[in-house]
Amino acid sequence: MTQVKLKIRKGDTVKVLSGKDRGKTGKVLRVYPARGRVVVESVNMHTKFERGRTRRQVAQRISFASPIDISNVMLIDSNSNKPTRVGYQILENGTKQRIAKKSGKAV
């Protein structure tokens, strides 16, 4: 499986476009480039039940965010607070910079 260069990174604010959590926004907590998935805080929440290992330890319910496909999220432009596509621009010093397609400004 080839690793794809993703335009969404850890720490970005994204909006969910489809699925059960459509319309929610959140911060990207983790990115899985090989699988093409991202973990967004408070989106796609699942519950895992864990029993106590000893008699004194009680069972607990653990709630966690599961990964969702990267095609189901869109980056939110920090200038306009609207979802936007991401492009790249090469600066004079040769570095690559992400830009928001709607505003044309750096992300």
In residues 77-85, what donor-acceptor pairs under 3.5 Å come from side-chain atoms, sequence neighbours left out?
unit_1 : atom_1 : unit_2 : atom_2 : d
D77    : OD1    : N79    : N      : 3.3
D77    : OD2    : S80    : OG     : 3.3
D77    : OD2    : S103   : OG     : 2.9
T84    : OG1    : K101   : N      : 3.3
T84    : OG1    : K102   : N      : 3.1

List the atom pairs, with distances to 0.1 Å, where a side-chain N or O of residues 86-93 and a protein N or O form a donor-acceptor pair under 3.5 Å, not counting sequence neighbours.
unit_1 : atom_1 : unit_2 : atom_2 : d
N93    : OD1    : T95    : N      : 3.3
N93    : OD1    : T95    : OG1    : 2.9

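Side-chain contacts under 4.5 Å among hydrophobic residues (ILVMFWY), followed directly or transitively, place Y32 together with L29, V39. Grouping Ile, Leu, Val, Met, Phe, Trp and Tyr by side-chain contacts under 4.5 Å, direct or through others, puts M74 with L17.
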| message | Set out, in order, the CA-CA distance, both residues' side-chain angles and the distance that settles side chain to side chain contact (heavy atoms under 4.5 Å, CB included) for V16 and T25, then state yes or no. | response | CA-CA 6 Å; V16 179; T25 60; over 6 Å; no
| query | Taking it one step at a time, do V38 and V14 satisfy side chain to side chain contact (heavy atoms under 4.5 Å, CB included)? | reply | CA-CA 10 Å; V38 292; V14 294; 5.9 Å; no
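In this view, N44 and H46 satisfy the side chain to side chain donor-acceptor pair (under 3.5 Å) rule, not counting sequence neighbours.
F64 contributes atom CZ, which lies 6.0 Å from atom NZ of K48 (distance to the nearest 0.5 angstrom). Remark: I62 CD1 to T47 OG1 distance equals 10.0 Å, nearest 0.5 Å. Separating the CZ atom in R35 from the CD1 atom in I70 is a distance of 12.0 Å, to the nearest 0.5 Å. For the atom pair CZ (R37) and OG (S66), the distance works out to 9.0 Å, reported to the nearest 0.5 Å. Between K7 atom NZ and R9 atom CZ the span is 11.5 Å, to the nearest 0.5 Å.
Between Q97 and A106, the shortest heavy-atom contact is NE2-CB, 3.2 Å. The two residues N72 and S18 make their nearest non-hydrogen contact at OD1-OG, 3.0 Å.
Screening residues 12-33 for salt bridge (charged side-chain N to carboxylate O under 4.0 Å, His left out), with sequence neighbours left out, gives D12-R98, D21-K24.
Residues I68 and V73 have side chains in contact (heavy-atom distance under 4.5 Å, counting atoms from C-beta outward).
Each of L75 and I99 belongs to its own hydrophobic cluster when Ile, Leu, Val, Met, Phe, Trp and Tyr are linked at side-chain heavy-atom distances under 4.5 angstrom.
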